[in-house]
Amino acid sequence: PAAPLADSMTSHNPPPAAAPLAENPAHGEEMLKKLLKREEDVIVKGKGDEFVQQYCKEVKIILQAANDNERLANFSKLQPPFLNNGTKSAKIVRFKTGFPGQSIFGEYTLGIFGGYKAALVQTEQGSDCRSLIEATIGLFSNVSFIIGVGVAYGISRDKTKLGDVLISDKIARLSNIKFEKGGSIYNRGQITKVKDQLRVHFCTANNRFMNKFACTEDASPRCSKAHVGCIISGNFLLDNTDIKSKLSENEREAIGGEMEGHILMDIMEKGDPCPFQAIIIKGVCDYGDGTKEKQWQLTAALAAVEYTHLRLEPTDGNLFPTVPVAVIADNITATSMTVS
């Protein structure tokens with residue numbers, strides 16, 4: 001079983017108590033209102049806008065959300081975008097577009113996330129996200145990374161707590177899972193390792209996260225922990241203890257599960273050449289055992305976003321050696337939102 005990234009630190013030298021950014025469940029409605037209010041303050045442009053067209057060429061990171069809570073959490077850390085030629089937008093930019101020959105539409109939010117130019121898109125859940133992800137890759141022709149940032153179920157209450165963050169070093173793809181009579185489960189997918197560039201960057205220890213994000217469970221404030229390991233991904237909403245137990249037996253290294261990662265990995269592997277790398281970073285909002293903790297969805301998503309944003313800050317290294325991250329950082333203004 002994977003240990004928390006900062007386990008040695010927490011067992012011997014606990015960090016100072018962090019100011020809770022998101023508490024369960026009393027502040028849920030208040031947080032939601034603040035985030036929705038901030039989301040109203042965007043500039044809506046058309047796909048044909050000159051700034052939008054150029055920024056789409058410069059975007060390197062796609063942030064994928066699969067529900068409203070995930071979208072709002074990712075949006076909370078975006079800052080107004082700018083172009084390589086120095087042109088800046090006063091506000092975060094949003095545009096909608098259709099795709100020729102397809103009955104799908106994409107809504108994209110453009111901004112700086114950490115130290116990088118990013119686009120946020122909300123897709124459908126599970127396998128239904130495929131069409132929009134494939135269209136998005138074509139729209140942002142120079143994208144290098146897609147990061148699925150949102151919520152997941154924890155595999156065990158002993159391994160992870162609500163509000164902890166799961167980082168995939170590999171994905172157990174169960175897109176072809178088969179439920180036989182008698183409850184047998186056959187894994188007809190495969191395990192895909194996250195590519196080295198993302199794995200090294202996101203899966204190494206970072207104790208700053210624990211000092212930055214805190215949540216409350218059972219009225220006891222505590223710091224969220226980050227866990228690296230195998231994440232199960234399949235096109236099914238898990239809410240059954242028996243089925244989850246069988247999945248856990250089938251993939252003993254798993255630390256949690258979600259619904260979109262197997263599609264990202266499938267698209268990535270079928271690319272020729274591979275157009276992007278993908279990783280899943282998600283907060284634990286329940287345990288997939290039928291006891292849904294809906295009030296934890298926003299909190300868990302915010303925790304995952306906080307971790308992802310920290311690892312993409314200029315002080316945490318550079319994903320693109322040919323693009324000095326310090327240059328990008330010089331153009332960032334401190335407008336990101338802290339929820340309290």
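At a threshold of 4.5 Å between non-hydrogen side-chain atoms, the residues K47 and L139 count as touching. Side chains of Y55 and D49 form no contact here, defined as non-hydrogen atoms less than 4.5 Å apart. In this structure the side chain of R311 reaches within 4.5 angstrom of the side chain of T204, judged on heavy atoms. Counting heavy atoms from C-beta on, the side chains of L83 and F51 come closer than 4.5 Å. Two residues are said to be in side-chain contact when any heavy atoms from C-beta on lie closer than 4.5 Å; Y307 and V149 fail this criterion. For the pair K33 and K37, the minimum side-chain heavy-atom distance is 4.5 Å or more. In this structure the side chain of Y108 never reaches within 4.5 angstrom of the side chain of V52, judged on heavy atoms. Using a 4.5 Å heavy-atom threshold, the side chains of F145 and I279 count as separate.
With E107 as the partner, the salt bridge (charged side-chain N to carboxylate O under 4.0 Å, His left out) test is satisfied by one option alone out of K45, K96, R71: K96.
Under a 3.5 Å cut-off, the side chain of S224 and the backbone N or O of G163 do form a donor-acceptor pair. Within the 3.5 Å criterion, the main-chain N or O of K225 finds no donor-acceptor partner in the side chain of K161. In this structure, D164 contributes its side chain and V284 its backbone to no donor-acceptor pair below 3.5 Å.
Scanning both residues, H262 and S127, for their nearest heavy atoms gives NE2-OG, 3.3 Å. In terms of heavy atoms, A119 sits closest to L110 at CB-CD2, 3.8 Å. The minimum heavy-atom distance between Y287 and L162, with the atom names listed, is OH-N, 3.3 Å. When all heavy atoms are compared, the tightest approach of S89 to V93 is OG-CG2, 3.4 Å. Summarising the geometry of W296 relative to C285, their closest heavy-atom pair is CB-O, 3.6 Å, with the distance given to 0.1 Å. When all heavy atoms of G111 and P81 are compared, the closest pair comes out as CA-CB, 3.9 Å.
Under 4.0 Å is where a charged nitrogen must lie from a carboxylate oxygen, and between E269 and R173 at least one such pair does. Ion pair K282/E260 flagged as a salt bridge, since at least one NZ, NE, NH1 or NH2 atom sits closer than 4.0 Å to an Asp/Glu carboxylate oxygen. Ion pairing between R199 and D196 holds under the 4.0 Å rule for side-chain N and carboxylate O.
The structure places CG of N74 at 9.5 Å from CD of Q64, a figure rounded to the nearest 0.5 Å. For the atom pair Q125 CD and I263 CD1, the distance stands at 13.0 Å (nearest 0.5 Å). Summarising the geometry, atom CG belonging to D169 is positioned 7.0 Å from atom SG belonging to C230; distances are rounded to the nearest 0.5 Å. Here CZ of F276 is found 11.0 Å from OG of S144. Values are rounded to the nearest 0.5 Å. To the nearest 0.5 Å, atoms OG (S168) and NE2 (H227) are separated by 14.5 Å. Taking CG from N142 and CD from E58, the interatomic distance works out to 9.0 Å, rounded to the nearest 0.5 Å.
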* **Step-by-step side chain to side chain contact (heavy atoms under 4.5 Å, CB included) determination, V194 to M265** => CA-CA 9 Å; V194 171; M265 294 299 170; 4.0 Å; yes

* Should Q197 and H201 be marked as a side chain to side chain contact (heavy atoms under 4.5 Å, CB included) after you check the CA-CA gap, both sets of side-chain angles, and the distance that decides it? -> CA-CA 6 Å; Q197 189 174 5; H201 190 85; over 6 Å; no

* Asked: Given the rule in the side chain to side chain contact (heavy atoms under 4.5 Å, CB included) test, do L312 and I147 qualify, once you have shown the distances and angles that lead to the verdict?
  -> CA-CA 11 Å; L312 291 175; I147 309 176; 4.2 Å; yes

* Asked: Which is it for L166 and E258 under the side chain to side chain contact (heavy atoms under 4.5 Å, CB included) test, yes or no, and what are the steps along the way?
  -> CA-CA 10 Å; L166 311 180; E258 52 84 75; over 6 Å; no

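Criterion: ILVMFWY side-chain heavy atoms under 4.5 Å apart, direct or through other members. Under it, L35 and V151 are not part of a common hydrophobic cluster. In this structure, L63 is a member of the same hydrophobic cluster as L264, with clusters built from ILVMFWY side-chain heavy atoms closer than 4.5 Å. Cluster membership check: L120 does not share its hydrophobic cluster with I43, using side-chain heavy-atom separations under 4.5 Å among Ile, Leu, Val, Met, Phe, Trp and Tyr. In the hydrophobic cluster analysis, where Ile, Leu, Val, Met, Phe, Trp and Tyr join through side-chain heavy atoms closer than 4.5 angstrom, F95 is grouped together with V44. I231 and V200 fall into different hydrophobic clusters, defined by Ile, Leu, Val, Met, Phe, Trp and Tyr side-chain heavy atoms under 4.5 Å apart, directly or through other members.
Looking at N84 and Q54, their side chains never bring a donor and an acceptor atom within 3.5 Å of each other.
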